[in-house]
Amino acid sequence: MSTEITPSANEVRQLNFIEEIIEKEKKSEELPIVHTRFPPEPNGYLHIGHAKSICLNFGLAKKYNGKCNLRFDDTNPTAEDVEYVDSIKEDVHWLGFDWEDRMFYASDYFQQIYDWAVLLIKKDKAFVCDLTAHEVSDMRGNPNIPAKPSPYKNRTVEENLDLFERMKNGEFSDGSKTLRAKINLASPNMHMRDPVLYRLLRASHHRTGNKWCIYPMYDFAHGQSDYIEGITHSICTLEFEVHRPLYEWFLEALELPLPRPRQIEFARLNLTYTVMSKRKLLELVKSNYVNGWDDPRMPTICGLRRRGYTTESIRNFAEKIGVAKRENIIDVSLLEFCIRENLNKKANRILGVLNPLKVVITNYTENTEEELEAINNPENANAGTRKIPFSKELFIERDDFMEEPPKDYFRLKPGGEVRLRYAYYIKCENVIKNTKTGEITEIHCTYDTESKGGKTIDGRKVKGTIHWVSAKNAIECEVRLYDRLFKSENPESGQDFKEDLNPDSLKVVTGFVEPFIISAKAGEKYQLERIGYFNVDKDSKPDNIVLNRTVTLKDTWSKNLKR
RNA sequence: UGUUCGAUGGUGUAAAGGUAGCACCACAGAUUUUGAUUCUGUUAGUCCAGGUUCGAAUCCUGGUCGGACAACCA
């Protein structure tokens with residue numbers, strides 16, 4: 001036995017199972033080139049699960065120097081629309097993939113597919129059936145009981161040819177006839193029990209208009225479309241596993257010359273605290289549980305984009321989750337890790353307060369203002385610095401002051417000293433309260449005049465550093481605080497997923513942000529120091545900047561508090 | 001129930017008969033002008049029972065558990 005092991009193949013063998021199949025084919029030289037496709041039906045917006053598939057298909061093509069097509073699987077005009085076509089193109093591009101001149105539609109192949117149907121009839125492998133959908137369903141049997149044959153199955157080839165052509169010509173009403181394959185009524189695989197190939201459907205198609213009144217079913221269109229485009233690996237999700245015998249049966253029955261495409265199935269992505277089915281997503285949109293497909297709480301690509309997720313973070317996520325055949329549910333914290341990791345490097349820092357508490361610096365000169373220098377991004381020296389105004393009256397975060405703090409609290413407390421980021425050390429001298437409610441209304445502090453920039457020559461330790469904003473200079477912004485859309489890890493498991501909706505998935509507050517924010521443009525990402533990452537929303541106006549919280553910073557302190 | 005696919009720490013994913021590794025999460029410590037980042041460490045896994053073998057996550061047999069399918073949707 002001559003075994004030939006290439007060292008490189010030995011070293012980097014961490015391939016997913018599809019790559020292994022391809023490597024094997026390459027070795028046996030069965031494979032001229034890798035050609036994949038991403039085949040969405042234009043009946044909804046793409047979501048993070050599609051992103052996995054897109055990254056897989058385009059990624060495989062790239063890795064093996066092949067090509068990947070974009071193909072709209074538009075064989076059901078009743079559900080499809082150009083609105084979806086446009087959004088899908090935008091989203092695939094945004095993910096950084098390019099189908100070049102290979103954007104196709106299954107509807108491009110309607111004539112060819114029709115001709116193939118005629119061929120099947122001539123081979124006596126298909127017949128026109130007059131049974132209604134209901135009757136067919138009644139006669140289908142179950143996995144243990146074979147289906148009853150259609151009484152129309154023994155029509156002559158000539159009769160079928162004539163009938164099928166008249167179906168195409170619009171002589172029969174919708175639902176009154178179908179073209180069905182003759183396969184195996186006793187097959188334990190229900191898809192093989194004389195499946196429907198064509199149905200009568202008078203609906204205007206978004207591309208072919210009213211040219212056709214018969215449309216091929218998925219099974220009779222997909223494999224052949226793959227074949228026409230020279231697809232080598234037709235990658236789809238697990239639920240199509242049972243369709244594979246049918247996929248292969250058509251290619252074989254049509255006697256299409258080799259090579260033929262090969263269907264490979266992988267497990268779709270599931271995410272905790274998320275629903276992923278198109279039907280449920282559509283319901284959330286249509287019933288206004290969210291504000292459209294691009295609501296930042298949606299797992300759609302456009303929703304994630306608006307939330308502040310970047311292309312890199314999603315592609316990196318797709319890489320990290322891997323590809324396999326077992327069912328999986330990925331923890332959203334992995335997605336959050338990916339965006340934090342990316343934004344930590346990319347996002348400039350700004351100071352802003354979301355829940356303000358007024359601080360008066362009693363020994364600071366009235367009506368004075370000075371500018372302090374702040375670093376834009378400690379992770380990126382090239383990001384430079386900026387100036388932040390400082391004055392006598394400030395806002396700090398309410399959480400950053402406690403009158404009776406636990407021992408390990410190192411933010412502001414009575415008599416305590418804390419550093420204002422990039423500014424001064426301040427010491428809490430007095431707490432002013434509303435005499436009726438007892439609510440703290442403001443804090444009076446003194447500042448150390450020698451601590452400018454946040455350090456002193458005596459080198460004394462001030463453990464706490466908090467963010468702040470000059471009250472009179474602060475810009476009021478609309479801040480949309482997003483949280484997970486559902487309360488439980490697997491909202492799909494209950495009877496009604498809508499009952500699991502998180503009532504606190506969106507909170508809108510007014511934030512007080514340093515003046516820099518005035519110049520922010522829609523789509524820009526910032527870290528509000530000590531709070532989280534935010535995306536400037538497209539709803540922003542010059543006098544009303546809108547910030548979407550993408551994700552909070554990790555917060556071990558508040559986590560400890562809860563315990 | 002019939003077919004079919006699957007089963008490795010809490011969650012994912014590697015290991016092609018030869019040290020069960022990596023990432024996220026969790027936890028602990030170090031550093032820190034973000035209780036962030038960074039760094040170090042810790043907990044924790046081969047569904048079960050037999051068999052083959054010097055050696056099994058891997059091969060064989062039998063079971064268990066989970067998913068998919070019974071649309072004129074894709």
Side-chain angles (χ1 to χ4, degrees), chain A residues 10 13-16 20 39-41 43 73-76 78-80 106 129 131-134 136-137 140-145 147 174-180 187-193 195-201 214-215 217-219 221-222 236-245 265 267 272 278-279 319-338 340-341 344-345 349 351 374-375 378-379 408-411 419-423 425 453-455 462-467 489 527-532 552-560:
Chain A
N10 230 4
R13 225 196 64 76
Q14 298 226 350
L15 305 172
N16 66 48
E20 279 190 38
E41 183 187 13
N43 69 344
D73 220 338
D74 56 351
T75 55
N76 181 12
T78 59
E80 296 151 9
C129 179
L131 258 19
T132 65
H134 188 72
V136 172
S137 155
R140 198 183 311 274
N142 67 38
N144 305 305
I145 302 168
D174 283 6
S176 64
K177 284 184 168 49
T178 56
L179 182 72
R180 297 174 64 186
S187 172
N189 182 342
M190 303 296 285
H191 294 281
M192 302 299 272
R193 321 253 265 219
V196 171
L197 270 34
Y198 265 93
R199 76 282 212 190
L200 281 155
L201 215 55
I214 55 171
Y215 292 93
M217 300 291 291
Y218 164 85
D219 286 304
H222 201 92
C236 60
T237 45
L238 250 26
E239 68 266 29
F240 291 100
E241 217 154 20
V242 265
H243 293 245
R244 194 181 342 127
E265 311 86 12
T272 56
K278 274 190 186 177
R279 203 206 87 231
E319 189 64 37
K320 278 182 151 58
I321 59 178
V323 179
K325 293 196 76 160
R326 66 183 93 109
E327 301 281 338
N328 62 80
I329 177 158
I330 308 277
D331 204 318
V332 274
S333 61
L334 181 60
L335 220 208
E336 293 175 345
F337 167 81
C338 290
R340 284 195 187 105
E341 180 188 50
N344 179 45
K345 292 280 184 289
R349 274 61 169 168
L351 263 32
I375 296 167
E379 303 287 322
D408 54 348
Y409 186 83
F410 51 78
R411 278 115 96 148
R419 172 169 32 241
L420 295 177
R421 178 81 155 156
Y422 298 128
Y425 293 173
K455 53 187 177 296
V462 173
K463 179 118 169 104
T465 301
I466 63 174
H467 59 278
E489 275 200 13
Q527 182 195 104
L528 284 185
E529 290 209 28
R530 305 210 304 134
I531 299 176
T552 60
L553 255 33
K554 269 179 72 176
D555 186 355
T556 43
W557 168 249
S558 71
K559 195 160 57 181
N560 283 339

### Task
Any chance you could encode RNA chain B as dot-bracket? Rule is Watson-Crick or G-U wobble with both distances under 3.5 Å; [ ] for pairs crossing earlier ones, | for another strand.
.((((((..((((....[..)))).(((((.......)))))....(((((..]....))))))))))).....

### Task
Measure the distance from CD on Glu319(A) to P on A14(B) and round it to the nearest whole Å.
11 Å

## Note on the structure
Taken to the nearest whole Å, CD/Glu341(A) to P/C25(B) is 10 Å

### Query
So what does Tyr409(A) touch, heavy atoms closer than 4.0 Å: a base, only the sugar-phosphate, or nothing?
base

#### Entry: Approximate separation, where rounding is to 0.5 Å, of Phe410(A) CZ and Arg419(A) CZ
11.0 Å

### Task
Indicate, with a heavy-atom threshold strictly under 4.0 Å, whether Arg411(A) touches base, sugar-phosphate, or nothing.
base

### Message
Could you report the tightest heavy-atom contact between Gly141(A) and Arg193(A), atom names first, then the distance?
### Response
C-NH2, 3.8 Å

### Message
For the CG atom of Asp73(A) and the CD atom of Glu80(A), what is their distance to the nearest 0.5 Å?
### Response
8.0 Å

#### Entry: Separation of the C1' atoms in A36(B) and U32(B), to the nearest angstrom
9 Å

### Query
Atom CD of Glu379(A) to atom P of U34(B): distance rounded to whole Å?
11 Å

### Query
How long is the line joining NZ of Lys325(A) and C1' of G67(B), in whole Å?
12 Å

#### Entry: Distance below 4.0 Å between Arg199(A) side-chain N/O and A74(B) OP1 or OP2
yes

### Distance between C1' atoms of A56(B) and G17(B) (Å, rounded)
6 Å

### Message
Whole angstroms only, please: what is the CG-P distance between Leu351(A) and U34(B)?
### Response
12 Å

### Query
Do the side chain of Asn189(A) and the main chain of Val242(A) share a donor and acceptor less than 3.5 angstrom apart?
yes

### Task
Mind checking Ala324(A) for me? I need base, sugar-phosphate or nothing, with any heavy atom below 4.0 Å counting as a touch.
sugar-phosphate

### Message
Categorize Val462(A) for me: base, sugar-phosphate, or nothing, with a 4.0 angstrom heavy-atom threshold over every strand shown.
### Response
nothing

### Message
Between G45(B) and U11(B), how many Å separate the two C1' atoms, rounded to a whole number?
### Response
12 Å

### Query
If you look at every strand shown and take non-hydrogen atoms under 4.0 Å, does Thr132(A) touch a base, only sugar-phosphate, or nothing?
base

### Message
Leu238(A) vs Glu327(A), test: side-chain contact (heavy atoms from CB on, under 4.5 Å). Steps then yes/no.
### Response
CA-CA 9 Å; Leu238(A) 250 26; Glu327(A) 301 281 338; 3.8 Å; yes

### Query
When you compare A7(B) with U58(B), how far apart are their C1' atoms, in angstrom units rounded to a whole number?
14 Å

### Message
Would you say that Arg421(A) contacts Arg530(A) through its side chain, given a criterion of any heavy-atom pair below 4.5 Å between the two side chains?
### Response
no

### Query
Quick one: the side chain of Gln14(A) and the base of U13(B), do they pair up donor-acceptor inside 3.5 Å?
no

### Task
Would you indicate what Asn344(A) reaches in the nucleic acid, counting non-hydrogen atoms under 4.0 angstrom: base, sugar-phosphate, or nothing?
sugar-phosphate

### Query
So, is Lys559(A) near the phosphate of A26(B), with a side-chain N or O under 4.0 Å from OP1 or OP2?
yes

### Task
Just call it for Leu553(A): base, sugar-phosphate, or nothing, with non-hydrogen atoms closer than 4.0 Å on any strand.
base

### Message
Quick test of the criterion, 5.5 Å between centres and less than 30° between planes. Is Trp557(A) stacked on G35(B) or not?
### Response
yes

### Query
Checking side-chain contact (heavy atoms from CB on, under 4.5 Å) for the pair His467(A)/Ile531(A): CA distance, chi angles, key distance, verdict?
CA-CA 9 Å; His467(A) 59 278; Ile531(A) 299 176; 3.7 Å; yes

### Distance (rounded to the nearest 0.5 Å) between Leu131(A) CG and Thr178(A) OG1
7.5 Å

### Any N/O donor-acceptor pair, Asn144(A) side-chain to U1(B) base, under 3.5 Å
yes

### Query
What's the CG-C1' distance between Leu420(A) and U34(B), to the nearest Å?
13 Å

### Message
Base, sugar-phosphate or nothing for Phe410(A)? Non-hydrogen atoms, less than 4.0 Å.
### Response
base

### Query
Are OP1 or OP2 of C72(B) and a side-chain N or O of Arg140(A) less than 4.0 angstrom apart?
yes

### Touch class at under 4.0 angstrom, heavy-atom based, for Tyr218(A) against every strand present
base

### Message
Under 4.0 Å, counting only non-hydrogen atoms across every strand here, what does Glu327(A) touch: a base, just sugar-phosphate, or nothing?
### Response
sugar-phosphate

### Task
On the 0 to 90° scale, with breaks at 30° and 60°, tag the His243(A)-His191(A) ring pair as parallel, tilted or perpendicular.
tilted

### Task
May I ask you to verify whether the side chain of Arg326(A) and the base of G66(B) hold a donor-acceptor pair under 3.5 Å?
no

### Query
Is there a donor N/O on one and an acceptor N/O on the other, under 3.5 Å, for the side chain of His243(A) and the base of A74(B)?
yes

### Query
Looking for any heavy atom pair under 4.0 Å, which part of the strands does Thr178(A) touch: base, sugar-phosphate only, or nothing?
base

### Task
Evaluate whether atom CD of Glu319(A) has more than 12 neighbouring non-hydrogen atoms of other residues, nucleotides or ligands under 6.0 angstrom away.
no

### Task
Sticking with atom P, work out how far C22(B) lies from G62(B), rounded to a whole angstrom.
37 Å

### Query
What integer number of Å spans the C1' atoms of A57(B) and G21(B)?
13 Å

### Query
Taking only N and O in the side chain of Ser333(A), is any of them less than 4.0 Å away from OP1 or OP2 of U11(B)?
no

### Task
Round to the nearest Å and state the distance from Asn189(A) atom CG to C5(B) atom P.
11 Å

### Message
Taking the C1' atom in each of U34(B) and U38(B), what is the distance between them to the nearest angstrom?
### Response
13 Å

### Query
Of all the choices, A23(B), A36(B), A70(B), which nucleotide is nearest to the side chain of Lys320(A) once you look at every atom?
A23(B)

### Nearest-nucleotide comparison on RNA chain B, the residue closer to the 5′ end among Pro188(A) and Tyr422(A)
Pro188(A)

### Task
Please work out if Lys278(A) contacts a base, only the sugar-phosphate, or nothing of the nucleic acid, heavy-atom cut-off 4.0 Å.
nothing

### Query
Which part of the nucleic acid, if any, lies within reach of Leu131(A) when heavy atoms closer than 4.0 Å are counted: base, sugar-phosphate only, or nothing?
base

### Query
With respect to the side chain of Asn328(A), which nucleotide from U34(B), A70(B), U13(B) is positioned closest?
U13(B)

### Task
Figure out the CD/P separation between Glu241(A) and U4(B), and round it to whole Å.
11 Å

### Query
Going through the checks in order, is the side-chain contact (heavy atoms from CB on, under 4.5 Å) test met by Lys278(A) and Glu41(A)?
CA-CA 11 Å; Lys278(A) 274 190 186 177; Glu41(A) 183 187 13; 4.2 Å; yes

### Summary
5'-most contact on RNA chain B (nearest-nucleotide basis), Ile321(A) vs Pro378(A), goes to Ile321(A)

#### Entry: Value rounded to 0.5 Å, distance of OG1 in Thr78(A) from CG in Leu201(A)
5.5 Å

### Task
Could you tell me whether the side chain of Arg349(A) has a donor or acceptor atom within less than 3.5 Å of a complementary atom in the base of U34(B)?
yes

### Query
On a whole-Å scale, what distance lies between the P atoms belonging to C39(B) and A44(B)?
24 Å

### Message
Classify Gln527(A) by what it touches in the nucleic acid, base, sugar-phosphate, or nothing, heavy-atom distance under 4.0 Å.
### Response
base

